[in-house]
Number of protein chains: 2
Amino acid sequence: MSKRPVTVIDIAHAAGVSKSTVSLVLRNSTLVNETTRAKVNETIRELGYVYNRNAAKLRGGGSEVIGIVVNDLTNSFFAELAVGMDMVTQSAGFVQFLANTGESLDRQREVIASMREHGMAGLILSPARGTTAADLKPLVAAGIPVVVVVRAVPGAKVSTLISDSEGGTREAVAHLLEQGHRRIAFLGGFADTAVFAERVRGYRAALESAGIAVSDGWIFDSAPSRAGGITAATAALAHADHFTAAICFNDAVAFGACDGLRAHKREPGLDFAVIGFDDVIEAKSAVPALSTVSIDPQGMGRRAAQMLLKQINAGQAEAETIISAARLVLRDSSGGRIATPKEAAA
Amino acid sequence: MSKRPVTVIDIAHAAGVSKSTVSLVLRNSTLVNETTRAKVNETIRELGYVYNRNAAKLRGGGSEVIGIVVNDLTNSFFAELAVGMDMVTQSAGFVQFLANTGESLDRQREVIASMREHGMAGLILSPARGTTAADLKPLVAAGIPVVVVVRAVPGAKVSTLISDSEGGTREAVAHLLEQGHRRIAFLGGFADTAVFAERVRGYRAALESAGIAVSDGWIFDSAPSRAGGITAATAALAHADHFTAAICFNDAVAFGACDGLRAHKREPGLDFAVIGFDDVIEAKSAVPALSTVSIDPQGMGRRAAQMLLKQINAGQAEAETIISAARLVLRDSSGGRIATPKEAAA
DNA sequence: CTCATAATTTGGATCGTTCCAAATATCAAG
DNA sequence: CTTGATATTTGGAACGATCCAAATTATGAG
């Protein structure tokens, strides 16, 4: 039987002061005498008192929890993003509650609704596929600060932090072209997302400015996961144009692509160039080390959290959109010589 | 300006009923007339009312959020564990709040305290390194159901779900011995954890029952991460006894070990056998596919959640400890022929 | 010792919901 | 029409902490 929880009144009674004084002690007010503070604190420890934030929130102050909702925790990009946010929100004295939607819009709605009911100071959302401005409307109407990361939500009047997908991809493909590659595939990603469209746009732009016509058949969409990367790479290897390089939707896909290549006796970084996108922590230590477009997931998480905190503190800042630069990091997976047509057909 | 939030009283006023009736509608009571229910519901939608769970919780009912605290979200084992828990808690109508401690005891204390203050129905904890029974004492004293997973907390009177580390490792090493390996290293893991001790115990037991003496020098501890695996593998390769196989603390270490082997021109699954522990989702699709001791992370998450729900519903079940079986899954990384001493020394 | 001033302390009233007992409306049968 | 039962609805009184204005106590100068 869990007994009735201890309240301020119990403390007050036991310490021989009033509940108001106990409250003052709890809030670390300077108005209270050191002697009484000590006595009260001791009683608090003695009785095993647990602060009831619900009651407190009901009466007065704002919430100190910020909600973080991501669409795919099993992708380490998001795990790192969350860790970056953690650093910032934690040192600002907020608690973060993290929820995973697994790309389900229903789940996302539920989770956000639940967080609202619990009262949150702000929300950082990496939206599930298909999220619309209407989903965010009630939040902004209620004046709850929202920062959207990774994927923009078109039409929503909220602060947004995305990375320069188009520019990053263009730069990566330009590098492959410089190395002499001509038949470059685009692997992975859900075709119906804005991020996918942007990365493909960068891919096309780079190839076209080199005078290479891109057929739709060069683009192999798939789930943006390691498994999806394997599928996409396998499909690409079976294609009549024998690719010698690939730019991948993200690092997870790139790792999968490497697996897929090896399964078909091609060695990434040796006779097939692979470039990823994100720069997750494993990219550096994998073998071969993954060349990738770095958007610094942890840093992005930190920045997103800072944007949110600014909004929370400012009461109401207007929505700003930041497109953070992407930087090509060359490691081993994009190196090696270019496969001859014969090898490529093997 | 965020305007004053809408309350039941506003609804009551607008719909021409009493606040009690609105409350009844909110709680889906059968006591209320269909016509009034419809009218009230419409007003609720119209005014954009948001249920205030804090107020509700203050007055009466139990919480419907369960806390999940894990020690390393960037390890996909835990991400999958969390996803498994999600499935169960979600369909039981609970909301889950997930927090990451990153192996910090301070952070863990903070996070658990904060969750308590917010009022949680129960907690699933994958404890940070060094967690003691004293950390959990207040929770159980307050009658809050707790389930500890992955790592047991010695002396704590809470339900525990761990996997058969010793048996699993013993089985894996026995398999390597059967294949003819004699010099087998143990790679990765923090040496001061109970799980590490158990896995090492299984490792020693298997080798000793084959008449092989294990020197402490065969055990290479490291962070239980991909990066740690690289470090451990590199150290092992430099050892005077030329190992031909390794059992790894977990899959992350095993992946890192594969990377480390390749960096030294040894091919896992071909001339060096590697076995992991966990069976994370990538194990199947990696190249080479990872042989590993499967403990089914998602399934484990589901089971942990079920244990917690049972405890929550039962009011107070006594602490049970479940050691779930581990099963050796043979894939490619443990295959291949055994390197000759000369190769092994290369 | 007195009085002003500063330092502490303290009872309500209040936040938004639920619960309870009691009030009221509805209905069918006598 | 009553009457008794049944179906709905409804005012408080909680819940636990905060805030405010007012009360009490300590401090110090004259």
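Letters go in sequence order (proteins before strands), and every chain restarts at 1. All values below come from the heavy atoms of this structure, side chains included, with hydrogens, waters and symmetry mates left out.
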Can you check whether [X] has a side-chain N or O nearer than 4.0 Å to OP1 or OP2 of [N]?
X: A:S18; N: C:dT9; result: no
X: B:T21; N: D:dT10; result: yes
X: A:T36; N: C:dT9; result: yes

Exercise for review: Would you confirm whether B:N54, through its side chain, and A:L58, through its main-chain N or O, come within 3.5 Å as a donor-acceptor pair?
Suggested key: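 Judged by distance alone, no pair lies under 3.5 Å.
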Identify each atom pair where a protein N or O and an N or O of nucleotides 17-19 of chain C are less than 3.5 Å apart, giving names and distance.
from, atom 1, to, atom 2, distance (Å)
C:dT17, OP1, B:Y49, OH, 2.4
C:dT17, OP1, B:N52, N, 3.4
C:dT17, OP2, B:V8, N, 2.5
C:dT18, OP1, B:Y51, OH, 2.7
C:dT18, OP2, B:S23, OG, 2.5
C:dT18, O2, B:R59, NE, 3.3
C:dC19, OP2, B:R27, NH1, 2.7

Review point. Where each residue is assigned the nucleotide of DNA chain D containing its nearest heavy atom, which of B:L58 and B:R37 is assigned the position nearer the 5′ end?
Key: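 It is B:R37 whose nearest nucleotide is closer to the 5' end.
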Review point. Is A:R107 paired with A:E110 through a side-chain N to carboxylate O contact shorter than 4.0 Å?
Key: yes
Any donor-acceptor N or O pair under 3.5 Å, side chains [X], [Y]:
X: A:E80; Y: B:T74; answer: no
X: B:S104; Y: B:D106; answer: no
X: B:T101; Y: B:N71; answer: no
X: A:D86; Y: A:Q96; answer: yes

Check your understanding: For the residue pair B:F97 and A:F97, does the interplanar ring angle fall in the parallel (under 30°), tilted (30 to 60°) or perpendicular (over 60°) class?
Key ->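 Rings of B:F97 and A:F97: parallel, under 30°.
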Could you state the atom-to-atom distance from [atom1] of [X] to [atom2] of [N] in whole Å?
X: A:H118; N: C:dG16; atom1: NE2; atom2: C1'; answer: 15 Å
X: B:L31; N: C:dC20; atom1: CG; atom2: C1'; answer: 12 Å
X: A:H13; N: C:dG11; atom1: NE2; atom2: P; answer: 11 Å
X: B:N33; N: C:dA25; atom1: CG; atom2: C1'; answer: 11 Å
X: A:N28; N: D:dT18; atom1: CG; atom2: P; answer: 11 Å

Review point. How long is the gap from CZ on A:R109 to CG on A:D135, to the nearest 0.5 Å?
Key: 5.0 Å
Practice item. Side chain of A:P5 only, please: which of D:dT9, D:dG16, C:dT9 is the nearest? Key: D:dG16
Practice item. Could you go through the side-chain hydrogen bond (donor to acceptor under 3.5 Å, both in side chains) check for B:S159 and B:Q311 one step at a time? Key: CA-CA 9 Å; B:S159 287; B:Q311 243 182 98; 3.0 Å; yes
Practice item. Output the residues of residues 38-45 of chain B in contact with DNA chain C, where contact means a heavy atom of the residue under 4.0 Å from an atom of the strand; sort by number or write none. Key: none
